[in-house]
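Written below as structure tokens is the structure these notes are about.
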Amino acid sequence: LFHIFSDEWRDKQDIVKSMILHRLGSSRATVGARNCSVVELTPEQRAIFFDRSHISGDSKSQRAWGLQMGGEALCALSVREPRQKRWKSLLEIARFATLPHHHVSGGLQRLLEHAKKHARGIGKAGLLSYADRRFVS
């Protein structure tokens with residue numbers, strides 16, 4: 001079952017179609033994460049990427065990194081301080097997304113390693129993430 005809301009279909013139809021095609025194994029482009037370079041995204045680049053690629057759009061964050069090939073970010077991950085004080089020893093993953101109709105094999109893992117290194121560098125114990133269970137299996 002793949003549940004979407006009417007506003008997601010109305011406002012983010014290309015992203016929804018991309019998600020469906022990916023689950024059917026029909027992404028238009030597949031790239032290996034090893035073939036990409038990790039770049040830090042500016043707040044403007046982050047906002048544009050996630051508004052274009054994430055079903056929920058952008059979210060304020062402290063830092064964001066992308067896997068880039070040919071000057072274009074193909075997937076990105078952003079982190080922020082957790083909203084709940086009990087998780088203050090961790091960094092929260094605010095967003096992760098892949099450019100619609102693309103699959104970056106190993107992309108999440110590569111960006112997670114980068115984010116974990118950053119978290120340790122600023123004295124955090126690790127990462128925290130939430131997932132919308134409508135979209136994860």
Is a side-chain donor or acceptor of [X] paired with a backbone partner of [Y] at a separation under 3.5 angstrom?
X     : Y      : result
Arg80 : Ser59  : no
Ser18 : Pro100 : no
Gln45 : Thr42  : yes

Exercise. Any ion pair linking Glu81 and Lys124 (charged N to carboxylate O, less than 4.0 Å)?
Worked result: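 Between Glu81 and Lys124 there is a salt bridge, with a charged N closer than 4.0 Å to a carboxylate O.
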
Exercise. Going by an N to O cut-off under 4.0 Å, is there a salt bridge joining Glu40 and Arg46?
Worked result: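 Not counted as a salt bridge, because no side-chain N and carboxylate O are separated by less than 4.0 Å.
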
Rounded to the nearest 0.5 Å, what's the gap from [atom1] on [X] to [atom2] on [Y]? Could you check?
X      : Y     : atom1 : atom2 : result
Ile4   : Glu8  : CD1   : CD    : 6.5 Å
Glu44  : Asp58 : CD    : CG    : 10.5 Å
Ser129 : Leu90 : OG    : CG    : 11.5 Å
Asp11  : Phe5  : CG    : CZ    : 13.5 Å
Met69  : Cys75 : CE    : SG    : 11.0 Å
Phe2   : Arg23 : CZ    : CZ    : 4.5 Å

Going only through I, L, V, M, F, W and Y residues with side-chain contacts under 4.5 Å, is there a path from [X] to [Y]?
X      : Y     : value
Phe135 : Ile15 : yes
Met19  : Leu77 : no
Leu127 : Phe96 : yes

For this session: Mind listing the closest non-hydrogen atom pair of Leu128 and Pro82 along with its distance?
Result: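 Minimum heavy-atom contact is CD2-CB, 4.3 Å.
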
Problem set entry | Residue that, paired with Val31, satisfies side chain to side chain contact (heavy atoms under 4.5 Å, CB included) out of Leu74, Leu99, Leu67 |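 So the option named by the test is Leu74.
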
For this session: Could you give me the CA-CA distance, side-chain angles and deciding distance for Thr30 and His102, then say whether side chain to side chain contact (heavy atoms under 4.5 Å, CB included) is met?
Result: CA-CA 6 Å; Thr30 298; His102 288 71; over 6 Å; no

Can you give each donor-acceptor pair under 3.5 Å made by side-chain atoms of residues 105-113, sequence neighbours left out, with the distance rounded to 0.1 Å?
from, atom 1, to, atom 2, distance (Å)
Gln109, NE2, Glu113, OE2, 3.0
Arg110, NH1, Ala33, O, 2.6
Arg110, NH1, Cys36, O, 2.5
Glu113, OE2, Lys116, NZ, 3.0

For this session: Just jot down the ring-ring contact (aromatic ring centres under 6.0 Å, His included) partners of Tyr130, sequence neighbours excluded, or say none.
Result: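 Here no residue qualifies.
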
For this session: Using the ring pair (Phe, Tyr, Trp, His ring centres under 6.0 Å) rule, collect all pairs that involve residues 22-78, keeping only residues at least two apart or in two chains.
Result: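 Every pair satisfying ring pair (Phe, Tyr, Trp, His ring centres under 6.0 Å) with a residue in residues 22-78: His22-His103, Trp65-His114, Trp65-His118.
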
Problem set entry | Pair Ser78-Arg63, side-chain donor/acceptor within less than 3.5 Å |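 Side-chain D/A pair, Ser78 to Arg63: absent.
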
For this session: Would you indicate whether the side-chain heavy atoms of Asp132 and Ile55 approach each other to under 4.5 Å?
Result: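 When only atoms from C-beta onward are counted, Asp132 and Ile55 do not touch, as no gap falls below 4.5 Å.
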
